[in-house]
Amino acid sequence: MVDTNGEVISRGRAKREGMGFTSPDQDRVRTKIQVENLSLFYGNSQALKNVNVSIADREITALIGPSGCGKSSFLRCLNRMNDLIPDTRVEGDIKLDGESIFKKNVDVVALRRRVGMVFQQPNPFPKSIFDNVAYGPRLHRLCSKSELADHVERSLRQAALWDEVKDKLRSSALELSGGQQQRLCIARALAVQPEVLLMDEPCSALDPISTFRIEELMLELKQQYTLVIVTHNMYQASRVAKFTGFFLNGELVEFGLTRDIFERPKDPRTDDYVRGRFG
Amino acid sequence: MNAKLRERLAFALLALVTVLVIVPVAFVLLILLIRGLPAISWEFLTQEPRSGMTEGGIFPAIVGTFYLVVGTVIVALPLGIGGAVYMTEYARPGKALRLIRLAIVNLAGVPSVVYGLFGLGLFVIFLKFGTSLISGCLTLGVLVVPIVITATEEALRAVPQSFREASASLGASKWQTVSRVVLPTALPGILTGTILAISRAAGETAPILFTCAAFYLSRLPHSIFDPILALPYHLYGLATQATNAPDTIKYGTALVLIALVFGTNITAIVLRLKARRTKRW
């Protein structure tokens, strides 16, 4: 949480004062990510227009909207994945725990350690299950060789995959089913011990049962992590997310508690969308 | 009916062309086998030539070609892979990069005798390496680098972008991504391309003619600054100079050379098949 002087306020104080969120019946939460006047350009086309939003610590925030509305682009700003795409330009600011992520001295690699990501298509490396999860810890030397196996097991357990793969850790990750691969990717992201986990339509390539398992998993993960998920599926947003933002044509039309967005949206465009009139 | 007839005609014509392509190759192989096979013996493969190449074997030439191939790999692999990694993973796309690519494609088309003269000028004379194994390896290395670069670039581009994104999202630097994910994934493709390039180099005569090959030697090189015997040039010598050498020695030498080249090519093909079977992205 950042007050008007740009100071980071302790969690306790933020809770007491309930700052940052204006909805009357909201629980009091700390801000993890503060987005201020964010605009994003791919070459000459503008993908995001002046987005302002606070993302709550250790809660699930869902971003909904029709295809091409900018929700994925927004997500990719939060860990600066758009840097990989040539010819992108960002205006405005994003603060993680009160610190700008766009400052010159910010180490993008370190930022991505704190803000992990799970992609739309499961994308395990063509390596063994173990090596996939151990990839991050090995990169960052998070633990000694002897602790690595424990670390991998813990991450796989967190991602609710351990029981299914414990006997075949050395076989290729590509032999797993789609849902298992996606949970492996979640385990791989968790193994880096991030603070925030971004999920870009993590269930769009999965069947209903796998989707259910991943949703269960998200609810468990929010105890420890700040989750931001992009989803096409409005029911998914209403099932798991505490906060929901509705994007349309690069604008964040409305943001608030999920039940407000779905039951009494303020903007007519949000109303049309959540009632299924378009998109 | 007319369409059907044409179809048959086209089919017959294409089949004929295919046969026409295969026949000469099969013919060459057949003649080599019939006339060269009697020469192949343990002595032929393990002894040095004697009495002005009219007797004995071709052992030093086999060893020389082997050294050449190994040396060429040592020169060309790091250069080629390094260049390709830079161009596909690091360099910003633009006019300069397109120009470099064009230059590399053109380099791959330069006649090998030009490379030979280049090697003579640079390595043998200017750098004073003399007619030596190292001059030959460097020359052949330069000759195959464009092919290695092209093959490596192709293999790198075949690595899905999602792997790079996944790696970056886990906090990997560019080099960590390249060395831990991209290169291992592309390796079978890189090796296949490289082996094919090397097998071409193994059969080249012109570049080694000026830089490393001796016409006649009865001993193996003691250092990288010694000249060597190599199969292609040895064969040339046998065919044009040692006119009184028995034909079986000439055909035997040709057979060994072509077996070497085919052997390496088959290795590349097997490698590619294996990689294709395990690839699932």
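Predicted model, so just to flag it, every value in this text is computed and none were measured.
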Counting only pairs under 3.5 Å, give me each side-chain donor-acceptor contact of residues 105-118 of chain A, with atom names and distances, residues two or more places apart or in other chains.
unit_1	atom_1	unit_2	atom_2	d
D107(A)	OD1	V109(A)	N	3.1
R112(A)	NE	N79(A)	O	3.0
R112(A)	NH2	R80(A)	O	2.6
R114(A)	NE	E195(A)	OE1	3.4
R114(A)	NE	E195(A)	OE2	2.9
R114(A)	NH2	D97(A)	OD2	3.0
R114(A)	NH2	E195(A)	OE1	3.1

(request) Check whether more than 12 heavy atoms from other residues, nucleotides or ligands sit under 6.0 Å from atom CZ of F129(B), and answer yes or no. (result) yes

(request) Residue by residue, scan residues 183-194 of chain A and write down, ordered by number, those that have a heavy-atom distance under 4.5 Å to chain B; if none do, write 'none'. (result) R188(A), A189(A), V192(A)

(request) Counting only heavy atoms closer than 4.5 Å, note whether R180(B) contacts chain A via side chain, backbone, both or neither. (result) both

(request) Can you measure from OG (S169(B)) to CG (D200(A)) and round to the nearest 0.5 angstrom? (result) 11.0 Å

(message) Around atom CZ of F11(B), are there more than 12 heavy atoms from other residues, nucleotides or ligands closer than 6.0 Å?
(response) no

(message) With a strict 4.5 Å heavy-atom criterion, list every residue of residues 146-161 of chain A that contacts chain B, or say none.
(response) none

(message) Using a 4.5 angstrom heavy-atom cutoff, name the option from S173(B), A166(B), A172(B), S162(B) with the most pairs to chain A.
(response) A166(B)

(request) Flag yes if more than 12 heavy atoms outside I209(A) fall under 6.0 Å of its CD1 atom; otherwise flag no. (result) no

(message) Nearest 0.5 Å, please: how far is CG in N123(A) from CD in Q161(B)?
(response) 11.0 Å

(request) Would you please go through residues 131-140 of chain A and name the residues with a non-hydrogen atom below 4.5 Å from one of chain B, in numerical order? (result) Y135(A), R138(A), L139(A), H140(A)

(message) I'd like to know whether CZ of F102(A) has more than 12 heavy-atom contacts from other residues, nucleotides or ligands below 6.0 angstrom.
(response) yes

(request) Drop me the distance from K174(B)'s NZ to L84(A)'s CG, to the nearest 0.5 angstrom. (result) 7.0 Å

(message) What I'd like to find out is whether the side chain of F125(A) reaches to under 4.5 Å of the side chain of P184(B), using heavy atoms alone.
(response) no

